[in-house]
J.: 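Take this structure, written in structure tokens, and hold onto it; I'll ask about it next.
In this text, all values refer to a predicted model and were calculated from it rather than measured experimentally. Chain naming here is simple, since letters A, B, ... match the order of the sequence lines and numbering starts at 1 in each.
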Amino acid sequence: MTPKAESSPTIDIVLFAMKGVSYAADATQVVRIDRVGAEERALMVRGPDGECRPIRVDAVSGLRSVPVASLRRLPVALETKDVAVGVWLNGETPVILLDLFQLLTVPGGQ
Amino acid sequence: MALVSSSDNGAVRARKGAGGLKPIVETLRAAVAGDVSTRVDTRKLKGDAAELGMLLNELLSKLSGLLEESEKRNQLNTREIELAAAGLEALVPEGDLLRWNGTTADPRLRPLLDSFGKVIETLRVFVREINGAALRLSSSANQVLAASTQHEASSSEQAAAIHETTATMEELKHASAQIAENAGSVARVAEETLGAARSGRGAIGEFIQGMQQIRNDGVAVADSIAKLSKRVERIGTVVEVIDEIADRSDLLALNAALEGSRAGEAGKGFSIVAAEMRRLAENVLDSTKEIKNLITEIREATLAAAGASEASKLATQSGEKLGAVAAQAVEGILSGVQETSDAARVINLATQQQRTATEQVVASMGEIEDVTRQTTYASRQATGAAAELTQLASRLAELIKRFKAD
């Protein structure tokens, strides 16, 4: 961590995996984490109607406080229905940031 | 001389009696000398002397007639005897018994010639009988020769057959000895096999006991495996519970972290505790995962052990069955080997007896061969004698043929 990074504001992200791919999302979008089935997890996200709906994930790796500077927005041309909003640079490894609210609207996203 | 002396005395008395007997004396002296043709000249005599002279002359005349007749008869007899001698002499070189002529006019020779005739007739009968006997003898001699020759040939063949039989019996004797030796070897091998089979029976008994022990041990192992499986299942259940708790703890820690995150600075400490709690939960999950893996391995190993135990059980049962079969087979082998041993001993004894009997037969055959050899020699001698007899019979027949009797 550089001194500049230490001074920058941080944001909590929740790290999870779906179908073998690691993703990250704003932790504030997750109401709670539930268990679905034997081992799967579900990120409970409150939808526009105020109801909590599950987004099935393979696993939840945890929460991390990351500098905002480590987040990048994707070019508009690459955005897919506003689900992937950017990447988090975990060192040299980019992790896609998902907008869980948007993901709720995608068919099959839950 | 006595006569002369007596005559001299008589002449003296005659001279004294008749006055002259000189012519009578001289005539008598001539007659005594063999001349019976001299006669007394009676003219010079007288009286008694003349009568004596006439009587002497008459006596001499009768004597001379008798002598002449005797001479003729002698000549006839001589001729008849010469004829008979010639007939007898003809028998010798020609053997002709038919030429005998025994007729004679002399009744004194007739008995002699009749006797000769009877002798010659007897000889003819003898010759005929001898001729017939010679022919029969020749035939019999030929038959004897043929029989002797055949007997000699038969004896030779018999000797050869006996020699061959003796050789065969010798081979049989050696074969019997070899068989006896082999039977002895078989008996020894059978005894050894019997001992080995008995040892095998003991080993199979121990094997069956071992199999039973293994089966019992296998049952105990199977029980232990079953208990172990149950314990493992129990551990699995416990681990599942722990895993469930850890998973819930992980979930709880995640939610606590979320809550801490939402609490902002105030929830920092809570988030740290939640993170630690989640790390612990993850450690527990890792441990329980490892335990599950171990339990899985244990289950697999237990299943394998159970399978192996079952296989061992089946193998043991199979081994017991095989052991029982082997025991039964060994019992059969024992029985068979015992019978073989007994049979080999019987064979050994029988072949020894056979060898002894064969040796006796060989000895007997040797004696028979000697006797046959002697018989052959005797037959050969008999053949020679028969041949000689045949020759003699032929010679006899030839000799007899010289006599003409028919």
J.: Would you compute the distance between atom CG of B:L334 and atom CD of B:E331 and round it to the nearest 0.5 angstrom?
T.: 5.5 Å
J.: Measure the shortest side-chain to side-chain distance between B:L349 and B:V346 over non-hydrogen atoms and say whether it is less than 4.5 angstrom.
T.: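 They are not in side-chain contact.
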J.: To the closest 0.5 Å, what do you measure between CG (B:L303) and OG1 (B:T296)?
T.: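 Separation between the atoms: 10.5 Å.
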J.: How would you list, in number order, the residues of residues 212-236 of chain B that have a heavy atom less than 4.5 Å from chain A?
T.: none
J.: Work out which heavy atom in A:I55 is nearest to a heavy atom in A:L100; give both atom names and the distance.
T.: CD1-O, 3.7 Å
J.: Could you pull out the closest heavy-atom pair between B:F270 and B:A256, with the gap in Å?
T.: CE2-O, 3.1 Å
J.: When rounded to the nearest 0.5 angstrom, what is the spacing between CG in B:L322 and CE in B:M211?
T.: 9.5 Å
J.: Quick one: closest heavy-atom pair of B:A197 and B:V330, and the distance?
T.: O-CG1, 3.4 Å
J.: With rounding to the nearest 0.5 angstrom, report the CG to CD1 distance, A:L63 to A:I33.
T.: 6.0 Å
J.: Between CD of B:E170 and CD of B:E359, what distance do you get to the nearest 0.5 Å?
T.: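 Going from the CD atom of B:E170 to the CD atom of B:E359 covers 9.0 Å.
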J.: Do chain B and chain A have donor-acceptor pairs under 3.5 Å, and which are they?
T.:
| from | atom 1 | to | atom 2 | distance (Å) |
| --- | --- | --- | --- | --- |
| B:E244 | OE1 | A:R35 | NH1 | 3.0 |
| B:E244 | OE1 | A:R35 | NH2 | 3.4 |
| B:E244 | OE2 | A:R35 | NH1 | 3.0 |
| B:E244 | OE2 | A:R35 | NH2 | 2.3 |
| B:D247 | OD1 | A:R41 | NH1 | 3.1 |
| B:D247 | OD1 | A:R41 | NH2 | 2.5 |
| B:D247 | OD2 | A:R35 | NH1 | 2.6 |
| B:D247 | OD2 | A:R41 | NH1 | 3.2 |
| B:D250 | OD2 | A:R41 | NH2 | 3.1 |
| B:N255 | OD1 | A:I33 | N | 2.4 |
| B:N255 | ND2 | A:I33 | O | 2.8 |
| B:S261 | OG | A:D12 | OD2 | 2.4 |
| B:R262 | NH1 | A:V30 | O | 2.6 |
| B:R262 | NH1 | A:V31 | O | 3.4 |
| B:R262 | NH2 | A:V31 | O | 2.6 |
| B:R278 | NH1 | A:S61 | O | 2.5 |
| B:R278 | NH2 | A:V60 | O | 2.5 |
| B:R278 | NH2 | A:S61 | O | 3.2 |

